[in-house]
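Report on the structure given below.
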Amino acid sequence: MARAKLAIDRQIDPEVDVTGTLRQLDALAARIKARFPATATSQTKLQLLVTSLSQPGPWNDYRPFSYDLDDPFGKDIRNKLLSTYLATRRGNCVSMPILLVIVGQKLGLDITLATAPLHVLAKFRNDQGQWINIEATSFGTKGDASYQQELGITPEAVANGIYLRPLGRRESVAVMMNTLMEFYREEPVRRMAVADLVLQTDPKEITAMLHKGGAYYDLLKQRYMSRYRSPAAIPPEERAEFEALSEGNRTWFAKAEALGWTETTQAQDVNYLQSIQRTKDAQQGGR
């Protein structure tokens, strides 16, 4: 998973040092493993993994990892690169769960990625075979019901498995490729090609469906909406492609909606930003 993530990141920033970053990950995992008691259960190992990332100590050179409150929506795409997170120790809901899962797997834990609307989390299977959600942005746990309520996840979305299911390794790599689709947002043909690759790997990857639908719309804007005042003004010889792009846009959003996807509301965004501000205020008040 580390090599896959870094291969994706290098498409965004060719200067990503793959070999050096792999060494950093191995060193971090080795320091954490050294903290494990000889008879440690998987739950104990998970707790030590979480505290080794979130609390300062020699295991992380006294530089703990934390959530980047200045970029809560991860708008700076380079903040989602693994090498950036290792350097700055400030992450988001992409870099934080990915690091947690990569290091956790190096330590032999049964841990993987899962998704929620505009969000990535980790799932850990304990010795009793129970899956537990790990909210990597806060280094805590959260139940499925909390995610459903806070993020507006519909019962249909859960039943159809587009959110909150533990992902296999190939499906996890597909999730990591969402960052690449964001990077190609202004290049709809490339964006669509990456979405197609993701959907071949995981036909239920809802973000790829939305990117593909959005790419069709961007092609409509580039080729027709920017040139003609209305569809009626499009020359007959160009109408077939216009209709095909329009149908592609409608189809992929309809597929997402049929699986239970709903668009994030403005109220949800406002509530999220308010929670970020409360956290900032609490941190400043404690200084």
Side-chain angles (χ1 to χ4, degrees), residues 1-9 16-68 80-116 119-147 164-173 175-176:
M1 282 189 65
R3 290 185 179 277
K5 171 59 175 166
L6 293 170
I8 293 166
D9 288 356
V16 166
D17 180 359
V18 174
T19 302
T21 304
L22 289 173
R23 281 200 300 264
Q24 289 182 64
L25 293 169
D26 287 339
L28 179 60
R31 290 182 181 182
I32 296 171
K33 188 174 182 178
R35 302 186 70 198
F36 289 175
T39 58
T41 64
S42 63
Q43 185 68 41
T44 299
K45 292 178 180 179
L46 175 72
Q47 290 171 347
L48 285 169
L49 166 61
V50 169
T51 57
S52 296
L53 295 177
S54 61
Q55 296 179 9
W59 44 83
N60 57 30
D61 296 322
Y62 296 92
R63 295 179 60 224
F65 297 84
S66 63
Y67 188 58
D68 187 353
K80 296 181 179 180
L81 306 185
L82 193 57
S83 56
T84 301
Y85 184 34
L86 287 168
T88 65
R89 305 297 167 103
R90 300 176 70 194
N92 47 59
C93 73
V94 172
S95 59
M96 297 183 81
I98 288 175
L99 178 67
L100 182 71
V101 168
I102 286 174
V103 177
Q105 290 186 0
K106 285 179 178 291
L107 296 171
L109 295 175
D110 192 352
I111 188 169
T112 189
L113 296 177
T115 62
H119 192 67
V120 183
L121 59 141
K123 277 187 177 278
F124 161 73
R125 183 153 55 185
N126 63 19
D127 292 332
Q128 291 72 47
Q130 301 168 315
W131 284 106
I132 299 169
N133 297 328
I134 309 298
E135 180 46 57
T137 60
S138 61
F139 296 106
T141 60
K142 184 181 290 190
D144 282 1
S146 294
Y147 283 111
L164 300 176
R165 62 186 166 100
L167 301 174
R169 290 196 177 189
R170 287 176 59 83
E171 294 168 331
S172 294
V173 172
V175 167
M176 294 191 292

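Computed over heavy atoms, backbone and side chain alike; hydrogens, waters and symmetry mates excluded. Along the sequence shown, residues carry numbers from 1. Owing to the predicted nature of the structure, the values given are computational and were not obtained by experimental measurement.
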(request) Compare all side-chain heavy atoms of T115 with those of L164 and state whether any distance is below 4.5 angstrom. (result) no
(request) Quickly, which of V101, N133, T137 forms a side-chain contact (heavy atoms from CB on, under 4.5 Å) with L121? Name it, please. (result) N133
(request) In sequence, state the C-alpha distance, the side-chain angles, and the governing distance for I134 and L46, and then conclude on side-chain contact (heavy atoms from CB on, under 4.5 Å). (result) CA-CA 10 Å; I134 309 298; L46 175 72; 3.8 Å; yes
(message) Using the ring pair (Phe, Tyr, Trp, His ring centres under 6.0 Å) definition, which of the options Y85, W59, F139 pairs with F65?
(response) Y85
(request) State whether the side chain of N60 and the backbone N or O of G57 hold a donor-acceptor pair below 3.5 Å, judged by distance alone. (result) yes
(request) Can you see which heavy atom on A29 is nearest to which on L107, and at what distance? (result) O-CD2, 3.4 Å
(message) Return the CG to CZ distance between L99 and R89, rounded to the nearest 0.5 Å.
(response) 9.0 Å
(message) As an exercise, state the distance from CG of L81 to CG of D9, rounded to the nearest 0.5 Å.
(response) 4.5 Å
(request) Kindly indicate, with the supporting measurements, whether the criterion side-chain contact (heavy atoms from CB on, under 4.5 Å) is fulfilled by L25 and L82. (result) CA-CA 10 Å; L25 293 169; L82 193 57; 3.9 Å; yes
(request) Calculate, to the nearest 0.5 Å, the distance between atoms NZ and CD1 belonging to K45 and I32 respectively. (result) 13.0 Å
(message) Quick check for you: to the nearest 0.5 Å, what is the distance between I8 atom CD1 and I98 atom CD1?
(response) 7.5 Å
(message) I want to check something: taking the side chain as every heavy atom from C-beta on, are S52 and L49 in contact at a cut-off of under 4.5 Å?
(response) no
(request) With the side chain counted from C-beta on, respond yes when V175 and V94 share a heavy-atom pair under 4.5 Å apart, and no when they do not. (result) no
(message) Under 4.0 Å between a side-chain nitrogen and a carboxylate oxygen: does that hold for D61 and R31?
(response) yes
(message) Minimum heavy-atom separation for Q24 and L86, please, with both atom names.
(response) OE1-CB, 3.7 Å
(request) Taking only Lys NZ, Arg NE, NH1 and NH2, and the carboxylate oxygens of Asp or Glu, determine whether D144 and K123 approach each other closer than 4.0 Å. (result) yes
(request) Starting at CG of L113, measure out to CD1 of I102 and round the result to the nearest 0.5 Å. (result) 8.0 Å
(message) Would you compute the distance between atom CZ of F124 and atom CG of L100 and round it to the nearest 0.5 angstrom?
(response) 10.5 Å
(request) Compare all side-chain heavy atoms of M176 with those of M1 and state whether any distance is below 4.5 angstrom. (result) yes
(message) So S83 and D17, do their side chains get closer than 4.5 Å, heavy atoms only?
(response) no
(message) To check you understand the geometry: which heavy-atom pair defines the closest contact between S42 and D127, and what is its length?
(response) OG-OD1, 2.7 Å
(request) Could you tell me whether K142 atom NZ has more than 12 heavy atoms of other residues or ligands within 6.0 Å of it? (result) yes
(message) Could you check whether any side-chain heavy atom of E135 comes within less than 4.5 Å of a side-chain heavy atom of H119, counting everything from C-beta outward?
(response) yes
(request) Answer yes or no: is there a side-chain heavy-atom contact under 4.5 Å between N126 and T41? (result) no
(request) May I ask you to test the P64-S54 pair for a side-chain heavy-atom distance under 4.5 Å? (result) no
(message) When you measure from the side chain of T112 to the backbone of L167, do you find a donor-acceptor pair of N or O atoms at a distance under 3.5 Å?
(response) yes
(message) So for atom CZ, which belongs to R63, do other residues, nucleotides or ligands contribute more than 12 heavy atoms lying within a distance under 6.0 Å?
(response) yes
(request) Carefully, step by step, assess T39 and T44 under the rule side-chain contact (heavy atoms from CB on, under 4.5 Å). (result) CA-CA 9 Å; T39 58; T44 299; over 6 Å; no
